[in-house]
Amino acid sequence: MTSTPTPDAADAPDAVDAITDQWAVVRPDLDTVSMAVFGRIYRLTQTMGERMDRAYARFGISRGEFDVLATLRRSGEPYTLSPRQLSATLMLTTGGMTGRLDKLERAGLLSRSPDPHDRRGLRVTLGERGLALVDEAVTAGLAVQREVLEAALDEREAEQLTGLLRKLLRTTGAA
């Protein structure tokens, strides 16, 4: 992280402030701190999701399809997992996974083959084209994320935010 954010940026009121200010008028008894935190997380998720969609669209894939390719890539060589392992990692139903796998297989980015250890099972393997594509796409996606992060936070703040979000996520049981 190299840039230093402008000091006024964090203090400028935003849409979430407008919402919590309205609640303060009509229900001054409410503590809206949690609304402010989660409202901003939600809006950030929406905005960054749209930016990531655009970044991956340049490669002809959706964010969901990127997730499948990236999960196979992160698994290490031979970049092979079962559909069940993919579904569990991506928190998808097997039906939702099948649709993604069908499209990625048709595009020649991965292949499905019988599992040699389970005659009822399948193995999904990232192909050479899929490997090259996901490596380019992850680089492009990280560039988008880094640009946004560096425009707002210095390195220390980014590390602090990472820790705080990890702590918050753990309390939900989703970590």
Side-chain angles (χ1 to χ4, degrees), residues 1-3 15-16 37-153 155 158-159 161-175:
M1 307 228 153
T2 54
S3 67
V16 176
V37 169
F38 290 105
R40 287 187 177 92
I41 290 172
Y42 176 78
R43 286 170 182 260
L44 184 59
T45 300
Q46 294 295 109
T47 301
M48 288 306 297
E50 292 166 6
R51 288 184 184 201
M52 300 309 291
D53 285 338
R54 287 192 300 274
Y56 299 142
R58 298 190 333 241
F59 300 96
I61 58 174
S62 69
R63 202 170 3 142
E65 292 157 357
F66 169 82
D67 289 343
V68 171
L69 298 173
T71 300
L72 288 166
R73 176 67 168 107
R74 290 190 322 264
S75 73
E77 289 191 55
Y79 313 118
T80 301
L81 295 170
S82 71
R84 178 165 294 162
Q85 289 170 309
L86 283 166
S87 293
T89 300
L90 299 173
M91 297 182 295
L92 272 179
T93 65
T94 53
M97 180 57 65
T98 299
R100 288 184 190 178
L101 294 177
D102 286 346
K103 183 174 179 197
L104 292 167
E105 189 171 36
R106 280 193 305 272
L109 301 174
L110 56 78
S111 62
R112 287 180 276 198
S113 58
D115 186 330
H117 306 293
D118 177 2
R119 61 186 176 137
R120 295 174 301 168
L122 288 175
R123 303 300 287 167
V124 179
T125 303
L126 187 61
E128 282 185 40
R129 286 187 53 220
L131 179 63
L133 184 138
V134 75
D135 280 350
E136 285 185 60
V138 73
T139 300
L142 285 170
V144 169
Q145 292 170 348
R146 191 171 33 259
E147 178 184 328
V148 170
L149 198 58
E150 289 178 351
L153 306 174
E155 194 170 340
E159 289 173 10
L161 179 59
T162 296
L164 292 170
L165 289 171
R166 182 183 303 112
K167 184 177 181 179
L168 190 58
L169 186 59
R170 280 190 181 131
T171 67
T172 69

query = Where do T125 and P78 come nearest, in terms of heavy atoms and distance?
reply = CG2-O, 3.7 Å

ask   = Crowded around R112 CZ? As in, over 12 foreign heavy atoms under 6.0 Å?
value = yes

key: Validation row: M52, Q145 side chains within 4.5 angstrom (heavy atoms)   = yes

request  = Test side chain to side chain contact (heavy atoms under 4.5 Å, CB included) on L92 and L86 and set out the steps.
outcome  = CA-CA 8 Å; L92 272 179; L86 283 166; over 6 Å; no

message = Apply side chain to side chain contact (heavy atoms under 4.5 Å, CB included) to residues R100 and I61 and explain how you reach the verdict.
response = CA-CA 10 Å; R100 288 184 190 178; I61 58 174; over 6 Å; no

key: Working for side chain to side chain contact (heavy atoms under 4.5 Å, CB included), residues I41 and L168   = CA-CA 11 Å; I41 290 172; L168 190 58; 4.1 Å; yes

request  = Using the side chain to side chain contact (heavy atoms under 4.5 Å, CB included) rule, take T94 and R84 through it: C-alpha gap first, then chi angles, then the decisive distance, then the call.
outcome  = CA-CA 7 Å; T94 53; R84 178 165 294 162; 5.7 Å; no

Counting only pairs under 3.5 Å, give me each side-chain donor-acceptor contact of residues 53-60, with atom names and distances, residues two or more places apart or in other chains.
residue: D53; atom: OD1; partner: R63; partner atom: NE; Å: 2.9
residue: D53; atom: OD2; partner: R63; partner atom: NH2; Å: 3.4

query = Can you name the closest pair of heavy atoms from L109 and L126 and give their distance?
reply = O-CD1, 3.7 Å

message = Minimum heavy-atom separation for M97 and S87, please, with both atom names.
response = CB-OG, 3.4 Å

key: Distance (rounded to the nearest 0.5 Å) between L104 CG and S111 OG   = 11.5 Å

request  = Please name the pair of heavy atoms, one in P83 and one in L122, separated by the smallest distance, quoted to 0.1 Å.
outcome  = CD-O, 3.3 Å

key: Short N-O contact, R123 and D118, less than 4.0 angstrom   = no

message = Between D67 and R74, is the salt bridge (charged side-chain N to carboxylate O under 4.0 Å, His left out) condition met? List the steps.
response = CA-CA 10 Å; D67 289 343; R74 290 190 322 264; over 6 Å; no

inquiry  = Looking at R40, I'd like to know if its CZ atom is crowded, meaning that more than 12 non-hydrogen atoms belonging to other residues, nucleotides or ligands lie closer than 6.0 Å.
reply    = yes

Side chain to side chain contact (heavy atoms under 4.5 Å, CB included) involving L164 - partner list, sequence neighbours excluded = Q160

